[in-house]
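Right, one structure below, let's go through it.
Keep in mind that the numbers below use all heavy atoms, side chains included, and drop hydrogens, waters and symmetry copies. For clarity, every value in this text was computed on a predicted model and none was experimentally measured. Naming convention: chains lettered A, B, ... in sequence-line order (proteins, then strands); numbering from 1 in each chain.
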Number of protein chains: 2
Amino acid sequence: MSVKTQPRSPTRARLVEVARRLFHERGYHPTGIAQILREAEVNSGSLYHFFPSKEDLLVAVLEKYRELLRPMVIDPAFERESDPLERVFAVLDGYRKRLLESNLKEGCPIGNLALEMSDEHPRVRRLVAENFTAWRAAVEECIDALADRLPEGTNAEAVAGFVLTVMEGGVMQARAYGTLEPYENAVSVLRDYFERLLADGEG
Amino acid sequence: MSVKTQPRSPTRARLVEVARRLFHERGYHPTGIAQILREAEVNSGSLYHFFPSKEDLLVAVLEKYRELLRPMVIDPAFERESDPLERVFAVLDGYRKRLLESNLKEGCPIGNLALEMSDEHPRVRRLVAENFTAWRAAVEECIDALADRLPEGTNAEAVAGFVLTVMEGGVMQARAYGTLEPYENAVSVLRDYFERLLADGEG
DNA sequence: GTCTATAACTCGATAGAC
DNA sequence: GTCTATCGAGTTATAGAC
């Protein structure tokens with residue numbers, strides 16, 4: 001559980017971090033190995049010592065995202081809010097902030113890869129799915145905690161999946177339009193839905 | 001209004017159609033000009049006679065999508081159903097069918113491009129946005145037609161944008177997981193939302 | 001408008017010394 | 001584990017005859 005894979009070298013870590021950033025900013029295919037090497041100040045021999053191929057580097061990036069999901073995305077939101085519903089919206093607000101910080105240019109890195117990578121990359125698709133599943137599990141914790149305020153028989157897993165759907169769809173439109181409005185709209189309609197669920201749960 | 005741009009040649013049409021299909025199946029960047037030429041049985045001189053660059057070809061593809069949106073996506077759904085709400089879900093059911101037909105490998109071509117193309121392609125982004133806007137407008141017609149059954153003050157534009165959000169987010173997850181379930185879940189939760197809106201509109 | 005040939009370059013990946 | 005040099009293939013795009 002504690003030992004991850006290998007004693008990591010700083011070179012390897014730098015490669016993964018630079019690749020992560022470039023794949024996010026420009027996409028996987030448009031990012032060349034040469035650019036990664038340049039910005040990481042690493043030579044090609046070192047990269048191919050750690051990663052047999054570019055796809056293996058992407059796999060490492062996705063593994064890192066999976067490791068960082070809790071500490072970077074979920075935990076800060078959960079620490080800011082204690083109410084389970086507000087925790088969900090705090091997570092969504094994190095994406096709003098990151099959209100803004102990137103000037104509406106960068107969305108969810110996992111969602112980007114989910115659509116950029118055609119299905120000839122099974123390990124990539126598996127890791128994208130694992131990232132989604134971990135995200136949904138975190139939200140599902142909140143929905144579970146809300147259970148007695150929601151209508152009887154509400155399917156927490158389905159609702160959590162829906163929250164991910166709304167986040168990803170909203171981020172996509174915000175990027176496409178170059179404005180935050182579609183994302184904020186999506187979040188606000190989602191909140192309206194939750195309010196109606198809660199109102200029904202009371203009655 | 002009727003004359004589009006130019007008297008079109010069959011070669012040009014074949015190039016656009018093959019490019020459209022390949023960009024959808026494999027993505028824009030992984031698709032090489034050589035592959036397009038091969039499958040369209042066209043030589044490079046002809047391609048560059050019509051399109052100064054690969055990006056211009058993509059622009060033509062996106063213009064074609066915009067032209068085909070009504071006849072291929074919206075009209076068939078609207079013809080199948082007359083109730084405005086059912087029309088919305090008939091459009092969504094079209095995406096479900098196309099997901100299935102592609103074996104969960106191909107989602108929404110516009111959504112794919114929205115996330116694959118970084119923002120260094122202004123014409124592409126504009127056309128992606130135009131496609132989204134046309135899609136939302138079609139759905140908004142339905143929401144407008146529902147107005148008197150919805151709670152007072154419901155923002156039809158916001159609801160239509162939310163429907164697109166849910167479609168795109170659902171398609172993304174379906175592709176990522178390789179199963180229709182996340183999409184069907186998204187649509188069914190969206191229906192639950194509409195039912196609650198309608199119930200509130202009655203009261 | 002279509003043809004062939006190819007320029008000019010970048011790509012991912014490798015070899016082999018250190 | 002890191003270095004330099006480079007391979008071979010594939011890339012977008014062009015030249016120029018027909």
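Between A:L37 atom CG and D:dT4 atom C1' there is a gap of 13 Å when expressed in whole angstrom units. The CG atom of B:L47 sits 19 Å away from the P atom of C:dA5 (whole-angstrom rounding). Rounded to whole Å, the distance from NE2 on B:H121 to P on D:dT12 is 13 Å. Spacing between atom CD of B:E41 and atom C1' of C:dT2 amounts to 14 Å, rounded to whole angstrom units. In this structure, A:F51 atom CZ and D:dT2 atom P are separated by 12 Å, rounded to whole Å. Atom P of nucleotide D:dA13 and atom NE2 of B:H49 are separated by 17 Å, given to the nearest angstrom.
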- Query: If the sugar-phosphate is the primed atoms plus P, OP1 and OP2 and the base is the rest, what is the B/S/- string for nucleotides 11-18 of chain C, using protein heavy atoms under 4.0 Å?
  - Reply: -SBB----

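Looking only at side-chain heavy atoms (C-beta outward), A:V91 and A:W135 come within less than 4.5 Å of each other.
Distances shown here put a side-chain N or O of A:N43 below 4.0 Å from the OP1 or OP2 atom of D:dT4.
The number of heavy atoms from other shown groups lying within 6.0 Å of CD (A:E17) is above 12.
Taking CG of A:L68 as the start and CZ of A:R20 as the end, the distance is 8.0 Å to the nearest 0.5 Å.
For the residue pair B:T165 / A:Y183, no side-chain donor-acceptor distance below 3.5 Å is found, with atom types taken as modelled. Side-chain N/O atoms of B:D192 and A:Y193 include a donor and acceptor closer than 3.5 Å.
Annotation: cation-pi pair B:R98/B:Y95 present, NZ/CZ under 6.0 Å from the ring centroid and within 45° of its normal.
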